[in-house]
Number of protein chains: 2
Amino acid sequence: MVSIKDIAKKAGVSISTVSYALNGSPKVTKETSERIQAIAKELNYIPSAAARSLKKRETKIIGIYLTNYSGAFYGELLQGMMETLSKNGYELIVCSGKESHRFLPERMIDGAIILDATYETEELLSHAERGHKLVVMDRRMDHINISQVLLDNKAGATLAIDHLAEKGHRKIYVLKGPEISFDARQRLEAVQKAVQRYSQVEYVELDGDFNKPSGEAAAKKIHQEFSEPVGVFCLNDEMAIGMYNYFSRTNLRVGEDVHIIGFDNIEVSQYIHPRLATINYSKHKWGSLASELLINLIKKKKPEHERINVSLIEGDSVRNR
Amino acid sequence: MVSIKDIAKKAGVSISTVSYALNGSPKVTKETSERIQAIAKELNYIPSAAARSLKKRETKIIGIYLTNYSGAFYGELLQGMMETLSKNGYELIVCSGKESHRFLPERMIDGAIILDATYETEELLSHAERGHKLVVMDRRMDHINISQVLLDNKAGATLAIDHLAEKGHRKIYVLKGPEISFDARQRLEAVQKAVQRYSQVEYVELDGDFNKPSGEAAAKKIHQEFSEPVGVFCLNDEMAIGMYNYFSRTNLRVGEDVHIIGFDNIEVSQYIHPRLATINYSKHKWGSLASELLINLIKKKKPEHERINVSLIEGDSVRNR
DNA sequence: TCTCTTTCTGTAAACGTTTTCCTTTATTAT
DNA sequence: ATAATAAAGGAAAACGTTTACAGAAAGAGA
């Protein structure tokens, strides 16, 4: 491996001069600098990331922690992150797998964005305490080294319940999410508050885990006790898709007997039939804002708390009762 | 930052003993070893990834290069990679963005899997020449440091054309992919060979770029010159979805007037109506096999060339003429 | 008692950079 | 001619590990 030492030898200068030249420092003449650059190119020199980051104590890489890469959802999010990060000279690496937790404390990365409910808040806190910079997208945290950008889950859930109620539904199921998910908890909380405003609606909670099979299971339950048209708020679209799967094998029709609204507006939602009513928000903006806050934090700015707005998307899966 | 030096001081031993102890070397007594471990924990010691990889010349991280994270497709693929990699003590990082190209030569990562047509073959070759280990999934390369695992595009494309022909279609459109894509080129080549076997079919090529809008554009063209039922082979599912979008706004019906078959079997394909006929393969296996070959390569084994099998999935988007 | 092993621990070099602080040389002012 | 200043480059320490090698202590065999 050719190092800065080899260049120095060949150029007849010291390694410090080479380092300065390669980093465009004004401490070295333009001529020597150019000569050194030429030699570096000629020798096919490539700096060692390890050596540099050992010395500089930075890597110019930031990590995003995800539970799973489950398709549709993350594409836009990551795209948004990438854009603002690379504008600021950073690279993004997607970390997954238990071992990748070491990236942050070992300083493989300069900061991290967290969207992984399985990452213990305790652990995050201890990282922040050591001086690492974080942005959380999936929990509330208050710390000098942590910014947060959360979805407006309450507004979204309220929008969904109101939509069902306005369409005349008197029996409303809510398909819950996993207890571990902050978004699920917030949405459920808002739902419970919202239904209180409609004294005449019958409200039933069903267990779910944000995955399709739990949607199918819940649909089965609804099917079994079916007597009149009902409304269903699935706390995410994924489970709503599961419901579609189940009902397609029955005599119950979505948008006629069972009126479904989801949350997230994932890609599939617009292609299924009937179009799924859902709560939408810009995943791209969510990602880019998170990155922006992280960069600010690294630049020693104050931690910030932001919120992403949501809106209702109507679809034929919810119609008048 | 607490380093092994601090531990050594506190334990009253030398730094080498600490290093040995922390790495479980048999050169140090169990007692001292345990004592040192305890002190390390107490001081909250965390090794420096940079220092270690500078010395050991390895990072235990491998990178996957992707053009874009476009949802549905990559989820399973990455999952497959993660599983086999973490079984072998490696972490996976997803690299994207022009700057991330430096990860490999700078030895941020021990090896890379390539699925990014914009990565120049020249560049890959020069990396391999320097001794870096690669697995390519999107091109053919022969080199002592490069393994490859490719889809059986030819079989897939042939299956698709045969399916349309068997269903009695006499006019067949093929919606091509971008010139830069190896998969697109291979599929097209196989199509051209396959249609020759059906002397009575009229065969027309349309330009596409693997994205939805190009599917819509092609659909428009088909619509304009429509006179009788036709078959269409979209070289990927994404473009087929684009066609559905277009035709849903016309009087032409998919599965009746326009018979569409795709390639990839992405998640959406099974939810759109009518179900898209397509060519399927295991993305999970593709990913895990690629990882396996890379690990073999790193272990100084010989490069290997593997192929992923494909199969036909029938759907109501293609019916008898 | 002496030497030879064996077992444990320490010394120091190395990995490839960056950066602080010097030294040399050339330039200008006096 | 001399001193003061500026400009360009070099020496060396530092970042935090790993590891080849050397050394010391202790027990065993003669």
Side-chain angles (χ1 to χ4, degrees), chain A residues 1-37 39-40 43-61 102-110 130-132, chain B residues 1-37 39-40 43-61 102-110 130-132:
Chain A
M1 223 47 341
V2 24
S3 78
I4 169 174
K5 216 180 279 179
D6 305 297
I7 302 178
K9 194 177 296 172
K10 181 142 189 178
V13 298
S14 75
I15 60 165
S16 55
T17 304
V18 175
S19 176
Y20 286 130
L22 261 26
N23 290 303
S25 156
K27 295 194 59 175
V28 50
T29 12
K30 202 168 184 183
E31 294 142 37
T32 20
S33 176
E34 275 168 4
R35 194 163 56 88
I36 288 172
Q37 309 243 21
I39 293 178
L43 292 185
N44 248 312
Y45 167 75
I46 290 176
S48 153
R52 170 175 291 157
S53 67
L54 172 59
K55 186 65 188 165
K56 299 196 67 170
R57 296 161 157 282
E58 71 171 24
T59 61
K60 284 291 179 185
I61 299 175
R102 63 186 174 83
F103 288 176
L104 193 58
E106 290 182 2
R107 274 160 293 130
M108 281 257 65
I109 56 185
D110 291 348
R130 283 165 164 270
H132 295 292
Chain B
M1 223 48 338
V2 23
S3 74
I4 61 173
K5 218 179 276 181
D6 304 298
I7 301 178
K9 194 177 296 173
K10 181 141 191 177
V13 298
S14 75
I15 60 164
S16 58
T17 304
V18 175
S19 176
Y20 287 131
L22 260 26
N23 290 302
S25 156
K27 296 192 63 176
V28 50
T29 6
K30 201 168 185 182
E31 295 141 36
T32 20
S33 176
E34 275 167 5
R35 195 164 55 87
I36 288 172
Q37 309 243 18
I39 294 179
L43 293 184
N44 249 311
Y45 166 75
I46 290 176
S48 153
R52 171 175 290 157
S53 68
L54 172 61
K55 186 64 190 166
K56 298 196 69 171
R57 294 159 159 283
E58 70 171 24
T59 61
K60 285 291 178 187
I61 299 174
R102 64 186 174 84
F103 288 176
L104 193 59
E106 291 183 2
R107 274 160 292 131
M108 281 258 65
I109 56 184
D110 292 348
R130 282 166 165 268
H132 296 292

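Letters A, B, ... are given to chains in the order of the sequence lines, protein chains preceding strands, and every chain is numbered from 1. These figures come from a predicted structure and were not determined experimentally. Just so you know, these numbers use all the heavy atoms, side chains as well, and skip hydrogens, waters and symmetry mates.
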Rounding to a whole Å, what distance do you find between [X]:[atom1] and [N]:[atom2]?
X	N	atom1	atom2	answer
A:E106	D:dG16	CD	P	14 Å
A:E58	D:dG16	CD	P	15 Å
B:K56	D:dG16	NZ	C1'	14 Å
B:M108	C:dG16	CE	C1'	14 Å
A:I4	C:dT19	CD1	P	11 Å

Side-chain heavy atoms of B:I61 within contact of A:F103, under 4.5 Å:
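In short, these two side chains touch, coming nearer than 4.5 Å.
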| Quick one: does A:S14's side chain get under 4.5 Å of A:T17's, heavy atoms only? | yes
- Side-chain donor/acceptor of A:S33 to backbone N/O of A:V28, under 3.5 Å: no
Given 3.5 Å as the limit, does a donor-acceptor pair link the side chain of B:S3 with the main chain of B:K5, or not? yes
How would you label the contact of [X] with the nucleic acid (heavy atoms, under 4.0 Å): base, sugar-phosphate, or nothing?
X	answer
B:I46	sugar-phosphate
B:I7	nothing
B:S19	base

Q) Does a nitrogen or oxygen in the side chain of B:R52 sit under 4.0 Å from OP1 or OP2 of D:dT18? A) yes
Going 5' to 3' through nucleotides 7-15 of chain C and flagging B where a protein heavy-atom sits under 4.0 Å of the base, S where only the sugar-phosphate is that close, and - otherwise, we get -SBBB--BB
